[in-house]
Structure formats: structure tokens, C-alpha cells
Amino acid sequence: MAGMVAVSRGRPPRVSMQEHMAIDLQPDPEPEGDSDDSTALGTLEFTLLFDVDNSALHCTAHRAKGLKPPASGSVDTYVKANLLPGTSKASQLRTRTVRGTRGPVWEETLTYHGFTCQDAGRKTLRLCVCEDPRLRRRRRAPPLGELRVPLRKLVPNRARSFDVCLEKRKLTKRPKSLDTARGMSLYEEDEVEAAGEERGRILLSLCYSSQQGGLLVGVLRCAHLAPMDANGYSDPFVRLFLHPNVGKRSKYKTSVRKKTLNPEFNEEFFYAGPREELAQKTLLVSVWDYDLGTADDFIGGVQLSSQAGGECQQHWCECLGRSDCRLELWHPLDGAPLQLSD
């Protein structure tokens with residue numbers, strides 16, 4: 001299943017939220033890292049749940065124990081999460097700050113939307129316990145400790161609890177292939193992790209309405225978009241183009257969402273026509289960064305048609321093969337511009 005990622009934070013999901021899931025809350029028997037070295041930094045307790053039905057990864061940060069800040073005294077801390085490989089700004093989540101303790105309790109869930117089986121097989125979750133510099137009026141300090149969990153260890157729809165020793169910060173050289181002329185120059189060296197050509201994902205819904213006699217295309221949200229602005233973010237919007245569609249309205253675009261890499265649109269557009277006619281067409285969906293006074297920057301796109309192949313073809317054909325059934329699916333964005341002549 002293709003398709004990664006908007007993000008959100010909140011209270012941890014309760015059992016009632018996943019009554020259909022088997023929950024395993026036994027401590028992880030395989031803590032990673034050098035225990036002699038990392039025990040001195042403290043431990044972090046957290047739970048991971050790969051919710052396949054909703055294409056989401058939930059990370060619940062419970063508590064830390066035995067933290068050792070550089071200076072003596074209490075410490076103000078939060079947990080920061082990153083999915084690797086991936087762009088640091090787009091995949092970064094954090095909990096609230098807990099003040100004045102070396103044993104903070106967060107009990108807060110960070111959620112990655114659009115997380116798929118392919119992601120679980122190749123990605124790693126990096127968790128850092130960090131001091132909040134804003135409360136101490138000092139410059140940003142290195143994390144008190146970090147850990148990394150290969151997500152291939154997760155069993156879908158089954159929560160897994162960890163109690164792992166924190167390790168020292170790992171440094172990684174910046175890949176030379178990254179574009180340093182724009183927002184990508186803001187990535188932290190140890191968070192890029194060969195982000196490569198990942199452009200982000202888009203969640204689309206398709207529904208052929210027999211009552212209206214046409215196709216409803218929903219642009220729901222995007223996740224982990226590539227940053228295109230110097231501030232490390234983008235001002236994204238989405239363009240739709242149905243090809244060919246001579247004599248009818250074929251082009252739409254969503255509103256612009258300012259300074260975000262995980263925008264929510266929840267906008268719907270309509271293309272009239274019988275299913276047999278629409279099945280012969282191609283829907284081009286492209287995500288752009290809005291720039292005032294200059295040309296908009298292309299972030300990525302996806303092409304849906306009966307000739308597209310893979311899940312793009314499956315999504316298109318299944319939708320047009322039935323009526324009044326809304327199908328939602330995440331699609332990875334291609335970095336190559338989509339071009340079709342009218």
C-alpha cells in the first residue's frame with residue numbers, strides 16, 4: 001500500500017478508540033544501544049501503534065526517568081519525533097514541555113497520518129528528549145539523549161510498549177545531492193538522513209455520483225511536503241486537470257495554506273460526464289508552493305488514469321467501476337513535472 005504524511009498531536013488513543021485491535025503492552029525485550037553508556041542519560045517509555053486501517057502511526061510518549069541534564073538542578077523537557085529518512089521540518093513532531101523535573105510525564109500521542117506498510121518496512125522513528133531553551137532564555141542545546149526504533153519491528157494493529165535507554169546524539173553528514181539553494185538548506189545535519197527525492201504525499205477521495213452524473217474529487221490533505229521557501233516551509237495549494245476535457249471545465253485549484261508542510265484542504269471538485277467517458281481520461285493532480293510576485297514552485301504530482309499502473313490505476317478504475325462509493329487513498333508525489341497537452 002503506497003501512500004505518507006500529515007501530523008497531529010493530542011492525548012493518547014484509549015482502548016475504546018481501537019477496540020478492534022489486539023494490544024500488547026509488554027516492555028520491549030530488545031533495547032538498543034550500549035546500556036553502560038546510555039543508562040547514564042536516562043530512559044524513555046513510549047508506545048507505538050501502526051493503525052493500518054487508518055494509515056497512521058501513533059507514538060505515545062509516556063515518561064522519562066533518570067534524565068541527566070548538563071547542569072545540576074531541575075530541567076524543562078519535551079520529546080521530539082522524526083521519521084527517517086525524510087525531511088526534518090515535514091516529519092517533525094513534539095510534545096508539550098514538562099517543567100522542573102528529571103522524571104517528566106507527558107502521556108501525549110503524536111500521530112503521523114498517511115503511514116503505510118512500505119513506510120514501516122523502510123523507515124526508522126527517531127525520538128529525542130530535549131531541553132526547552134525558551135523557558136531558560138538560552139540557546140538551543142543538543143538533546144539530552146535520543147533513541148531510534150526500526151519500524152519494521154511493528155506488528156500492524158498491535159500496540160508495542162518500549163522502555164529504552166537514551167543514547168548520545170548521532171551526527172550524520174549532509175548529503176551533497178540536496179538542494180541547498182532554498183528551504184532544504186535549513187535541515188539539521190543529523191535529521192536529513194538521505195531524504196533524497198521524497199516530495200510528500202496527498203490524500204485523495206474519488207466518488208462517481210449517479211445522482212449528479214459525474215466524478216467528485218476530494219483533495220483532503222497532504223503530508224511531508226518538500227519545503228520550498230527559505231523559512232523551511234511552503235505555502236501549498238493543489239491544482240487539478242482532467243485531460244482531455246475539451247469544451248468543459250477541466251481545471252480547478254484549492255485555496256492556499258500558509259507556512260505548512262502538512263496542509264489540510266478538505267475541498268471537493270466536480271467533473272460531469274458518464275463513467276465510460278471519464279474512464280478514458282487522465283486526472284493530473286499537482287501540488288505547488290505559492291509565491292507572491294514570482295512563479296509558483298512545483299512540489300510534486302500524481303497522475304490517475306486507467307493506464308497509470310499501480311495504485312493510481314487501481315484507485316481510478318475502482319472508483320469508476322461503481323457508483324456512489326467514496327474511495328480514499330494516499331498517493332506519493334512524483335518530483336517530475338506532469339505534462340499533457342490540451
Side-chain angles (χ1 to χ4, degrees), residues 1-25 44-64 78-98 104-130 146-162 191 198 200-205 220-225 233 236 257 260-266 328-332:
M1 177 180 177
M4 187 169 76
V5 200
V7 295
S8 66
R9 37 183 293 194
R11 302 297 299 173
R14 302 300 181 186
V15 174
S16 58
M17 175 182 172
Q18 290 116 359
E19 291 179 343
H20 63 290
M21 300 178 185
I23 304 281
D24 177 16
L25 296 179
L44 179 65
E45 296 181 20
F46 60 99
T47 298
L48 298 180
L49 173 63
F50 176 21
D51 182 356
V52 174
D53 298 333
N54 295 300
S55 299
L57 174 67
H58 303 289
C59 173
T60 301
H62 297 299
R63 62 186 60 83
Y78 64 91
V79 176
K80 180 176 68 174
N82 284 96
L83 277 178
L84 305 175
T87 60
S88 63
K89 285 284 187 181
S91 68
Q92 183 172 299
L93 295 175
R94 58 160 290 177
T95 66
R96 70 188 188 281
T97 297
V98 173
V105 177
W106 295 283
E107 291 298 345
E108 185 171 350
T109 296
L110 308 175
T111 298
Y112 289 95
H113 297 285
F115 187 85
T116 66
C117 292
Q118 284 81 355
D119 297 322
R122 69 187 184 91
K123 287 188 177 289
T124 295
L125 182 67
R126 174 179 181 250
L127 297 176
C128 298
V129 178
C130 305
E146 70 167 51
L147 57 89
R148 305 190 183 202
V149 181
L151 298 175
R152 63 178 179 273
K153 295 182 178 182
L154 297 182
V155 177
N157 292 338
R158 184 177 181 182
R160 185 175 181 182
S161 184
F162 296 78
E191 292 179 348
E198 287 196 2
R201 304 181 181 191
I202 187 168
L203 179 59
L204 299 173
S205 70
L220 304 183
R221 67 197 309 169
C222 295
H224 287 199
L225 296 179
Y233 293 95
R257 297 292 186 263
T260 179
L261 301 176
N262 299 285
E264 293 192 33
F265 297 101
N266 294 316
E328 295 183 5
L329 192 65
W330 285 92
H331 294 280

Distance from [X] atom [atom1] to [Y] atom [atom2], nearest 0.5 Å?
X: Ile202; Y: His331; atom1: CD1; atom2: NE2; result: 8.5 Å
X: Arg160; Y: Leu48; atom1: CZ; atom2: CG; result: 8.5 Å
X: Arg148; Y: Leu84; atom1: CZ; atom2: CG; result: 5.5 Å
X: Arg158; Y: Phe50; atom1: CZ; atom2: CZ; result: 15.0 Å
X: Leu329; Y: Ser205; atom1: CG; atom2: OG; result: 11.0 Å

[Y] backbone acceptor or donor facing [X] side chain under 3.5 Å:
X: Arg257; Y: Glu264; answer: yes
X: Arg96; Y: Tyr78; answer: no
X: Asn262; Y: His224; answer: yes
X: Lys80; Y: Leu127; answer: no

Matching residue for Leu57 among Leu49, Asp119, Leu154, Thr111 - test: side-chain contact (heavy atoms from CB on, under 4.5 Å):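 Passing option: Leu154.
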
Just one of Thr95, Thr47, Thr60 clears the side-chain contact (heavy atoms from CB on, under 4.5 Å) bar with Thr109, so which one?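 Option passing the side-chain contact (heavy atoms from CB on, under 4.5 Å) with Thr109: Thr60.
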
Please tell me whether Thr116 and Ser55 have a donor and an acceptor in their side chains that are separated by less than 3.5 angstrom. no

For residues [X] and [Y], report the shortest heavy-atom separation together with the two atoms involved.
X: Val79; Y: Leu44; value: CG2-CD1, 4.2 Å
X: Leu83; Y: Leu125; value: CD2-CD1, 4.0 Å
X: Val98; Y: Val105; value: CG2-O, 3.5 Å

Fit a plane to each ring of Phe162 and Phe46, take the angle between them on a 0 to 90° scale, and name the class: parallel (under 30°), tilted (30 to 60°) or perpendicular (over 60°). parallel

Sequence neighbours excluded, which residues qualify as salt bridge (charged side-chain N to carboxylate O under 4.0 Å, His left out) partners of Arg63?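 Applying salt bridge (charged side-chain N to carboxylate O under 4.0 Å, His left out) to Arg63 gives Glu45, Glu107.
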
Sequence neighbours excluded, which residues qualify as side chain to side chain donor-acceptor pair (under 3.5 Å) partners of Arg152?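 So Arg152 forms no side chain to side chain donor-acceptor pair (under 3.5 Å) with any residue.
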
Run the side chain to side chain contact (heavy atoms under 4.5 Å, CB included) test on Phe265 and Cys222 for me, step by step, so that the C-alpha distance in whole Å, both residues' side-chain angles and the decisive distance to 0.1 Å come before the verdict. CA-CA 8 Å; Phe265 297 101; Cys222 295; 3.9 Å; yes

